[in-house]
Structures are given as C-alpha cells and as structure tokens.
Novice: 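My structure is below; once you've seen it, I'll send some questions.
Side chains are part of it too, since the values below use all heavy atoms of this structure and drop only hydrogens, waters and symmetry mates.
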Amino acid sequence: MFAKEELAERINRIRKENGFPIVPFVIEEVNYDEEGDKLFIIAKDRSDKSAIIGNSFVIGKLREELGIKQVTVYSKLDLIIKRKKLEENLKRIKDTLLDFLIPIIEADFNFPPRKWPTLHNNGRALVFLSFNAKAMLGFAEKVGLEAERIGIKYTFPKMEYEAMEGSLRELFFPDERKLIDVAKERDLKIIIADFPFDLKINEDITLLNPLRFFHIGFFEAKYFFGFEKPVRVDKDAMIDFVVDMVAEGLMESTDGANLIWWAWKR
C-alpha cells in the first residue's frame with residue numbers, strides 16, 4: 001500500500017516546501033498495520049530516522065497527507081537493540097515469577113506492529129504511579145495483573161490511587177526501599193514502576209520497569225497505554241530522567257525537550 005520510493009519522494013517534497021534542507025536518507029522497510037491504521041517506517045540508521053522525522057514537523061505533515069492515524073519511524077539499530085534485549089530477558093524470566101510474560105516477549109519479537117495477547121489471572125502487583133503512570137497501569141492490565149495503586153499525594157488528581165507521602169523526585173526515581181516495605185506489608189511479590197533499571201529482584205520482591213524491560217519508547221507507550229502528565233514535578237529530577245531516557249534510546253530528543261519546557265513553565 002505504501003512504497004518506500006513514494007514515501008521518500010513525499011518526505012523530500014515536504015522538507016523542501018517547508019524550508020528544511022534536503023538530506024540523504026534510506027528507508028529500509030515499511031510496515032502498515034491496517035487494523036490500527038498505523039504506518040511504521042524503518043530507517044537504515046538513526047541519522048536517516050532524524051531526517052525522516054524532521055523535528056516532528058515533517059513526519060506530522062506526512063501523516064496528514066496520507067490521512068492515517070499514526071506514522072512512527074524506527075531505525076534498524078533501534079530494532080536490533082530491542083530484539084537483543086528481548087532475547088536476554090526471555091532467558092532471565094524462564095522458570096521465575098515472571099514466566100507468564102513469555103507470550104508477550106515472543107509477540108514483541110515481531111514488532112512493529114505490536115500485537116500482544118491479553119493475559120488473565122496472573123495475581124496482584126503493587127503499581128507505583130511514577131512519571132509514566134498510565135503505562136505502568138496499562139501494562140499491568142494487559143498482562144493480567146491486578147494492580148494495587150499507590151502514588152505521591154496530589155500528583156495525579158484525575159486517577160484513582162492510594163496517596164502516600166514522598167518527594168516529587170520519586171516520580172522519576174522511585175524509592176525502592178519504601179516500595180519493597182509496602183509490598184511486604186501487602187504480601188505482594190511484584191512492583192511495577194519507572195525504575196532506572198529493567199528488572200531487579202530484591203528480598204524476593206521483583207521490581208520491574210516494563211518500558212525498559214521491553215525497550216518501549218516514550219512515544220510508543222503514549223499511544224499504546226496513554227499518558228497523563230503529573231500536576232507537580234521536581235524539575236531537576238525530570239531533567240535527569242529525560243536525559244537518561246534519551247541516552248537509552250527510549251525517548252526522542254524533541255519529546256524530551258517539550259517535556260522539560262512544559263515543566264519549566266509551571
């Protein structure tokens with residue numbers, strides 16, 4: 001339905017018409033998900049990806065012209081890194097408390113598009129409403145975990161959760177000790193939050209950041225699970241968080257800059 005050559009011509013025309021320099025880029029592959037009305041463009045490298053996105057403007061114009069719901073660009077390197085991480089994590093969870101995630105990992109090997117099976121009845125988990133709160137909750141629901149929601153007071157007023165005391169820095173760097181203590185009190189073995197790592201087992205408690213574990217970027221998570229901005233943030237912590245996400249390839253620099261600008265204006 002969408003040929004690589006036609007898309008390249010459109011992108012070059014959009015760049016030229018809107019004052020962007022014409023730079024060389026290579027499109028390796030194009031995948032269209034008819035069910036979700038989503039187009040996935042696989043660029044050869046990250047420089048090719050940047051040229052196609054064009055500071056979000058070019059890709060936005062392309063989506064408008066094509067009249068489809070979503071256009072996302074990945075580099076071949078992004079997908080290689082993701083699949084390598086999935087292979088490693090598949091081995092890590094076999095015969096563990098998280099082995100129910102195996103069908104999700106196997107499905108994600110075929111990404112893009114993402115076609116996860118919906119799992120059921122895999123127990124309870126403590127879900128801390130950190131920065132990507134909706135993604136944490138959405139993930140728990142997708143994999144069949146009953147979420148016990150907790151979060152810092154007055155941070156997500158539109159969401160239902162049990163409020164607790166804590167610093168706003170914990171939105172971006174959750175307090176492991178505090179969450180482990182809460183999980184123990186409730187006899188919970190899994191904690192889901194925006195941890196600065198993908199998976200850790202501490203005192204027989206499994207701490208999981210699903211975005212890092214599955215190498216799901218901020219843009220993907222926003223469309224797959226939804227996104228709700230916290231109403232209060234620690235600006236310095238947010239900068240540290242965003243810089244780390246960008247460095248890990250989990251957030252586009254444009255998205256990071258927009259988030260920091262939003263926080264700084266508050």
Novice: Looking at every non-hydrogen atom in both residues, tell me the closest pair between F156 and K229 and how far apart they are.
Specialist: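 What the structure gives for the nearest pair is CE2-C, 4.0 Å.
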Novice: Cation over ring, K142 on F139, under 6.0 Å and within 45°?
Specialist: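 Checked: cation-pi criterion not met.
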Novice: Mind checking whether I216 and F213 sit in one hydrophobic cluster, side chains of I, L, V, M, F, W, Y counted as touching below 4.5 Å?
Specialist: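 Looking at the clustering, F213 is in the same group as I216.
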Novice: Can any side-chain N or O of D45 pair as donor or acceptor with the backbone N or O of S47 at less than 3.5 Å?
Specialist: no
Novice: With rounding to the nearest 0.5 Å, note down the distance linking CG in D181 to CG in L179.
Specialist: 9.0 Å
Novice: So that I know where these two stand, are F173 and F195 an aromatic pair - ring centroids less than 6.0 Å apart?
Specialist: no
Novice: So that I can tick it off, tell me whether K4 and E28 are bridged by a salt bridge, with the cut-off set at under 4.0 angstrom between side-chain N and carboxylate O.
Specialist: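 Salt bridge: no.
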Novice: Using 0.5 Å steps for rounding, measure from the CG atom of D37 to the CG atom of L39.
Specialist: 9.0 Å
Novice: Tell me whether F20 is reachable from I53 by hopping between hydrophobic residues (I, L, V, M, F, W, Y) whose side-chain heavy atoms are closer than 4.5 Å.
Specialist: yes
Novice: Is it the case that one hydrophobic cluster holds both V246 and F214, taking links as side-chain heavy atoms less than 4.5 Å apart, direct or via other members?
Specialist: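 Yes, it is one cluster - the side chains of V246 and F214 are joined through contacts under 4.5 Å.
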Novice: So does E203 pair up with R177, basic N to acidic O under 4.0 Å?
Specialist: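 Yes, charged N to carboxylate O under 4.0 Å.
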Novice: For K84, is the NZ atom crowded, meaning more than 12 foreign heavy atoms sit under 6.0 Å from it?
Specialist: no
Novice: Enter the distance from K265:NZ to K235:NZ here, rounded to the nearest 0.5 Å.
Specialist: 11.5 Å
Novice: Are F224 and I104 connected into the same hydrophobic cluster when the rule is that any two of I, L, V, M, F, W, Y join if their side-chain heavy atoms are below 4.5 Å apart?
Specialist: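 Yes; F224 is reachable from I104 via cluster members.
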Novice: Could you check whether K184 pairs with D204 (Lys NZ or Arg NE/NH1/NH2 to Asp/Glu carboxylate O, under 4.0 Å)?
Specialist: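 No, no charged N to carboxylate O under 4.0 Å.
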Novice: How close do G249 and H215 get, counting heavy atoms only, and between which atoms?
Specialist: O-NE2, 4.2 Å
Novice: Would you say L137 ends up clustered with L145 if hydrophobic residues are merged whenever their side chains have heavy atoms under 4.5 Å apart, either directly or through other cluster members?
Specialist: yes
Novice: Does K85 have more than 12 heavy atoms from other residues, nucleotides or ligands lying within 6.0 Å of its NZ?
Specialist: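 More than 12 heavy atoms, drawn from other residues, nucleotides or ligands, come within 6.0 Å of this atom.
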Novice: Which pairs, with at least one residue in residues 244-262 and sequence neighbours excluded, count as a salt bridge (charged side-chain N to carboxylate O under 4.0 Å, His left out)?
Specialist: K49-E252, R212-D244
Novice: So, S75 versus D78: side-chain donor-acceptor pair below 3.5 Å or not?
Specialist: yes
Novice: For residues 110-119, tabulate all N or O donor-acceptor pairs below 3.5 Å that involve a side-chain atom, not counting sequence neighbours.
Specialist:
unit_1, atom_1, unit_2, atom_2, d
R114, NE, D108, OD1, 3.1
R114, NH1, E220, OE1, 3.2
R114, NH2, E220, OE1, 2.9
K115, NZ, D33, OD1, 3.1
K115, NZ, D33, OD2, 3.4
K115, NZ, E35, OE1, 3.0
W116, NE1, D108, OD1, 2.9

Novice: Once rounded to the nearest 0.5 Å, what's the spacing between atom CD1 of I27 and atom NZ of K76?
Specialist: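 These two atoms lie 13.0 Å from each other.
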Novice: When you check the gap from the basic side-chain N to the acidic O, do E17 and R13 get nearer than 4.0 Å?
Specialist: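 So E17 pairs with R13 through a salt bridge.
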Novice: Report, as yes or no, whether the 6.0 Å neighbourhood of atom CD on E65 holds more than 12 heavy atoms from other residues, nucleotides or ligands.
Specialist: yes
Novice: Answer with yes or no whether the side chains of N12 and R15 bring together a donor and an acceptor at under 3.5 Å.
Specialist: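 There is no such pair (donor and acceptor under 3.5 Å, judged by atom type) between the side chains of R15 and N12.
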Novice: Is the number of heavy atoms from other residues, nucleotides or ligands within 6.0 Å of NZ (K16) greater than 12?
Specialist: no
Novice: State which residue, out of N122, N121, I93, fulfils the side-chain contact (heavy atoms from CB on, under 4.5 Å) condition with F100.
Specialist: N122
Novice: Backbone N or O of R92 within a donor-acceptor pair of the N89 side chain at under 3.5 Å?
Specialist: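 No, the answer is negative, given that no donor and acceptor are paired below the 3.5 Å cut-off.
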Novice: One pair to check against side-chain contact (heavy atoms from CB on, under 4.5 Å): Y161 and V127. What are the steps and the verdict?
Specialist: CA-CA 9 Å; Y161 65 97; V127 179; over 6 Å; no
Novice: Please table the atom pairs, donor to acceptor, closer than 3.5 Å between any side-chain atom in residues 185-194 and protein atoms at least two apart or in another chain.
Specialist:
unit_1, atom_1, unit_2, atom_2, d
R186, NH1, E148, OE1, 3.2
R186, NH1, E162, OE1, 3.4
R186, NH2, E162, OE1, 2.8
R186, NH2, E162, OE2, 2.8
D194, OD1, N132, ND2, 3.1
D194, OD2, S130, OG, 3.0
D194, OD2, F131, N, 3.2
D194, OD2, N132, N, 2.7

Novice: Please find the pair of heavy atoms, one from P230 and one from L171, that lie closest to each other, and give the distance.
Specialist: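 Smallest interatomic distance, heavy atoms only, reads CB-CD1, 4.0 Å.
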Novice: So with a 6.0 Å cut-off around CZ of F109, is the heavy-atom count from everything else above 12?
Specialist: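 It does: F109 CZ has more than 12 such atoms within range.
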